[in-house]
There are 2 protein chains.
Amino acid sequence: MPNILSPDSNALDRGFQALADATRRGVIARLAQGEASVADLAAPYDMALPSFLQHVRVLEAAGLISTVKTGRVRTCWLEAQRLAALDQWIAGYEAAWNTRLDRLGQILETKGDTQ
Amino acid sequence: MPNILSPDSNALDRGFQALADATRRGVIARLAQGEASVADLAAPYDMALPSFLQHVRVLEAAGLISTVKTGRVRTCWLEAQRLAALDQWIAGYEAAWNTRLDRLGQILETKGDTQ
DNA sequence: AAGAATGTTAGGCATATACCTAAGTAACTC
DNA sequence: GAGTTACTTAGGTATATGCCTAACATTCTT
């Protein structure tokens with residue numbers, strides 16, 4: 001039973017997939033500074049707007065950003081908790097591995113003492 | 001000039017792309033427990049071995065794992081530092097966003113004081 | 001040496017991704 | 001109300017991804 005704290009496999013798929021593109025990472029970097037319109041976000045990129053919009057949609061489908069359209073402008077902002085969920089997935093295995101290395105370190109140290 | 005500590009864009013592309021698949025995340029989870037052969041890693045999956053091997057190669061190309069073939073067995077292990085690099089990319093923007101929120105919180109608080 | 005175990009290569013198929021241009025639609029601005 | 005702005009939809013192309021089967025190579029076991 002997946003919930004907001006432990007994303008299901010599809011959420012991780014979409015989240016990491018969304019981060020696997022420089023344009024989309026750029027958007028995230030920009031939104032970390034504060035909300036922005038689609039046009040603002042698109043400005044730095046030499047890309048047709050429909051192509052850019054697709055990136056915005058991928059980010060939104062992944063839950064990494066949210067958007068609202070007001071008048072003719074669509075405003076976008078970061079959903080940091082989803083970013084945090086991805087972060088935590090990675091950190092969990094990093095931690096497991098480091099714990100293993102620590103334990104290995106201890107074993108080697110102990111053996112060293114007895115030599 | 002990209003280096004091992006600050007992965008270039010392609011490294012991030014490949015890294016996050018590699019994590020965007022449940023099978024590959026499963027491999028990472030398994031390798032966090034310790035090294036394993038390709039056959040060991042493949043065992044839980046209902047997938048033809050060549051298909052599975054491709055996942056192993058994607059992980060290796062992303063630098064998330066390393067492998068060595070000894071006799072007829074290819075042994076795989078986790079490269080935690082690459083995992084850490086991805087972790088840190090995310091954590092950086094999460095932090096930027098949270099700092100912003102903190103500042104916003106302070107502003108709201110300050111305004112509250114003067115009301 | 002024969003057979004089993006462990007990959008690996010080659011080739012093919014279906015779907016997804018990343019881009020494009022052209023042609024809308026809706027909301028401001030004058 | 002005519003033009004401009006800010007998206008949006010539709011449709012198309014090229015490449016990448018994830019899977020498969022069949023066949024091959026190498027190494028270990030007996």
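Letters A, B, ... mirror the listed sequences (proteins, then strands); counts begin at 1. Just so you know, these numbers come straight off a predicted model, no measurement behind them.
Here the P atom of nucleotide C/dA27 and the NZ atom of A/Lys69 are 8 Å apart, to the nearest Å. Between the CD atom of A/Gln17 and the P atom of D/dG18 there is a distance of 8 Å, given to the nearest Å. Look at CG on B/Asp46: it is 10 Å from P on D/dT21, rounded to the nearest Å. Between the CG atom of A/Leu53 and the C1' atom of C/dA22 there is a distance of 16 Å, rounded to whole Å. As rounded to whole Å, 14 Å separates atom C1' of C/dA16 from atom NE2 of A/His55. At whole-Å resolution of the value, CZ in B/Arg74 and P in D/dT27 are 12 Å apart. Summarising the geometry, the separation between CD on B/Gln54 and C1' on D/dC20 is reported as 11 Å, rounded to the nearest angstrom. Here the C1' atom of nucleotide D/dT17 and the CG atom of A/Asp21 are 15 Å apart, to the nearest Å.
Within the 4.0 Å cut-off from OP1 or OP2 of D/dC7, not a single side-chain nitrogen or oxygen of A/Arg57 is found. Considering only side-chain N and O atoms, A/Ser51 lies nowhere under 4.0 angstrom from the phosphate OP1 or OP2 of C/dA18.
Sorted by first then second residue, the ring pair (Phe, Tyr, Trp, His ring centres under 6.0 Å) pairs that include residues 29-49 of chain B, not counting sequence neighbours, are B/Tyr45-B/Phe52.
Each of A/Thr23 and A/Thr70 was assigned the nucleotide of DNA chain C with the nearest heavy atom; the assignment lying further toward the 5' end belongs to A/Thr23.
Among the protein residues, A/Ala39 comes within range of the sugar-phosphate backbone only, with heavy atoms under 4.0 Å from sugar or phosphate atoms but none that close to a base.
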Verdict with reasoning, B/Ile28 to B/Leu19, per side-chain contact (heavy atoms from CB on, under 4.5 Å): CA-CA 9 Å; B/Ile28 286 177; B/Leu19 295 183; 3.3 Å; yes
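Looking at A/Arg72, its side chain comes within 3.5 Å of the base of D/dT5 through a donor and an acceptor atom.
One distance of note links OG1 of A/Thr75 with CD1 of A/Ile65; it measures 11.0 Å at 0.5 Å rounding.
Using a distance-only test at 3.5 Å, with no hydrogens or angles considered, no donor-acceptor pair links the side chain of B/Arg82 to the main chain of B/Ala11.
A parallel orientation is assigned to the rings of A/Phe16 and B/Phe16, their planes being inclined by less than 30° (bins at 30° and 60°).
With distances taken from any side-chain atom of B/Arg24 to the nucleotides D/dT8, D/dG18, D/dT21, the minimum falls on D/dG18.
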